[in-house]
Amino acid sequence: MILELDCGNSFIKWRVVSDADGALVVGGIAALAVDLLQDLHNADISTITRCRMVSVRDDVETSALTDVLSGELGVEVLKVIPAKRVAGVVNGYKEQDRLGLDRWLAIIAAYEMCKGPCLIIDLGTAVTIDLVDCNGAHLGGYIAPGLALLRGQLLAHTRRIQYDPALSSVALSDITPGRDTAEGVERGCLIMLRSYVTSQIGIAEDHLGKNFTIYVTGGDAALVADIPRVRCVPDLVFRGLAIACP
Ligand SMILES: Nc1ncnc2c1ncn2[C@@H]1O[C@H](COP(=O)(O)OP(=O)(O)O)[C@@H](O)[C@H]1O
Ligand SMILES: CC(C)(COP(=O)(O)O)[C@@H](O)C(=O)NCCC(=O)O
Ligand SMILES: [K+]
């Protein structure tokens, strides 16, 4: 079995897949390494023979997690490293090492799936947008705050916007004008996010023409999954991880 990890700024997504056919065995989300280890102890980790990881956390945290995992599992942790070209995709960043490795993997996976022009949207801590042309050339992209950051900044920097975050799902039930603070903030931020995604699809047409595939992934992908032409691929980064670290 192979343990795969996608260490984002908010959550560590993990899953165990069969090394025979890549079939999913078990998976989960952990905020901290200690939670991840607890999850793994609850799962049957004795069968893990390989481990591969992508991390956008800082080097200290990433190395600490790598050390703990290799100690616990007794296997080497393969980490994704920056590259100019993988699986027909050419990194479009001026300095290839600066492109977020989660973005890089999502791009690689998307192009592998469609072998054509594509727009890749990852709604996580940040919302990242990446464009790939018909030849696999990464054109670059955009970075904006994700929903939790939008909400969090209002809660942190205003005196009178205070509400229980547990209300957010209730407030998101529809997008009619909010009639309390939670509805106002949650619906305002959701409309910003959706409008941003829709406008990025328009911008992509200027660079990719009309016939490009739109892939969406990340913890908040469900919030835009109904936008026309959007294809939701929750494990897009993991698909790229398997390509980059076979
Ligand atoms: N179980 C969850 N708990 C909290 N937030 C969640 C959960 N699942 C999805 N989310 C949403 O997903 C976002 C994080 O998505 P994710 O793609 O994991 O981020 P990252 O890759 O940046 O760590 C959060 O900001 C939140 O809005
Ligand atoms: C933009 C990101 C923070 C997104 O990470 P996430 O929201 O998945 O935690 C990450 O891709 C990153 O650290 N990128 C480095 C900067 C760049 O891509 O230009
Ligand atoms: K992510």
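Remember, it's 1-based here, ligands and their atoms both numbered in the order they're listed. Numbering of residues begins at 1 and proceeds along the displayed sequence.
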Test of proximity, [X] against ligand 2: N or O pairs below 3.5 Å:
{"X": "D122", "result": "no"}
{"X": "T128", "result": "no"}
{"X": "G100", "result": "yes"}
{"X": "T125", "result": "yes"}
{"X": "G124", "result": "no"}

- Query: Knowing that exactly one of V77, L73, L37 qualifies, which makes a side-chain contact (heavy atoms from CB on, under 4.5 Å) with V68?
  - Reply: L37
- Message: So, 4.0 Å and heavy atoms of L147: is ligand 1 close enough to count as a contact?
- Response: no
Shortest heavy-atom approach to [atom] - which of [options]:
{"atom": "atom 11 (C) of ligand 1", "options": "N9, V237, D220", "result": "D220"}
{"atom": "atom 9 (C) of ligand 1", "options": "G219, G124, S168", "result": "G219"}
{"atom": "atom 3 (C) of ligand 2", "options": "N9, I143, V56", "result": "N9"}
{"atom": "atom 7 (O) of ligand 2", "options": "A148, A144, A126, G218", "result": "A126"}
{"atom": "atom 21 (O) of ligand 1", "options": "R57, K13, R151", "result": "K13"}

- Query: How does L101 reach ligand 2, if at all, at less than 4.0 Å between non-hydrogen atoms: by side chain, backbone, both, or neither?
  - Reply: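 Within the 4.0 Å criterion, L101 makes no contact with ligand 2.
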In terms of atom number and element, which parts of ligand 1 are under 4.0 angstrom from non-hydrogen atoms of [X]?
{"X": "A148", "value": "25 (O)"}
{"X": "S10", "value": "20 (P), 22 (O), 23 (O)"}
{"X": "G218", "value": "17 (O)"}
{"X": "T125", "value": "19 (O), 20 (P), 22 (O), 23 (O)"}

- Note on the structure: One should read off an interatomic distance between I161 CD1 and Q153 CD, to the nearest 0.5 angstrom, of 11.5 Å
- Message: When you group the ILVMFWY residues by side-chain heavy-atom contacts below 4.5 Å and let the links chain together, are L236 and F238 in the same group?
- Response: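 In one cluster: yes.
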- Shared hydrophobic cluster for V224 and Y196 (ILVMFWY, side-chain gaps under 4.5 Å): yes
- R187/E183 salt bridge by N-O under 4.0 Å criterion: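 Salt bridge between E183 and R187, a charged N being under 4.0 Å from a carboxylate O: yes.
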- Task: State, yes or no, whether a side-chain contact exists between L99 and I107 at a heavy-atom distance under 4.5 Å.
- Result: yes
- Kindly determine whether D59 and K79 satisfy salt bridge (Lys or Arg N to Asp or Glu O under 4.0 Å), including the steps that lead there. CA-CA 12 Å; D59 292 344; K79 281 187 283 186; over 6 Å; no
